[in-house]
Amino acid sequence: MINPVQKTIAAMMLTFKMILCLNDNWETYLKKCIFTVREVERREVEKMLSCMGHSVYMCCDCGEAKILPHSCKSRICTVCGKNMPTSGLKK
């Protein structure tokens, strides 16, 4: 049996990306076509699913690896999370 602390930690680590990837949930959702998925929604989800949040480059001479962070610029990405502008929001 899982104790409450382990259950809470597991729930905190579960992301939207993981939910869509588990058991091909995104593909299943698209195939069932219960709701119409707009092209912009499909594009954003596909960007999010392919995002690693970084690229790794390795030197051929010394073997040193360099990690370069980048963003897929998807608003729903749980890895890089595009920041929304706050300048126009009322406080």
ask   = Going through the checks in order, is the side-chain contact (heavy atoms from CB on, under 4.5 Å) test met by Val37 and Leu30?
value = CA-CA 8 Å; Val37 179; Leu30 290 176; 3.9 Å; yes
Shortest non-hydrogen contact from Met58 toward Gly63 = CG-O, 3.6 Å
query = Can you name the closest pair of heavy atoms from Thr28 and Asn23 and give their distance?
reply = OG1-O, 4.0 Å
ask   = Any side-chain heavy atom of Met48 within less than 4.5 Å of one from Val45?
value = yes
task = Flag the pair Arg43 and Glu46 as a salt bridge only when some basic side-chain nitrogen lies within less than 4.0 angstrom of an acidic carboxylate oxygen.
result = no
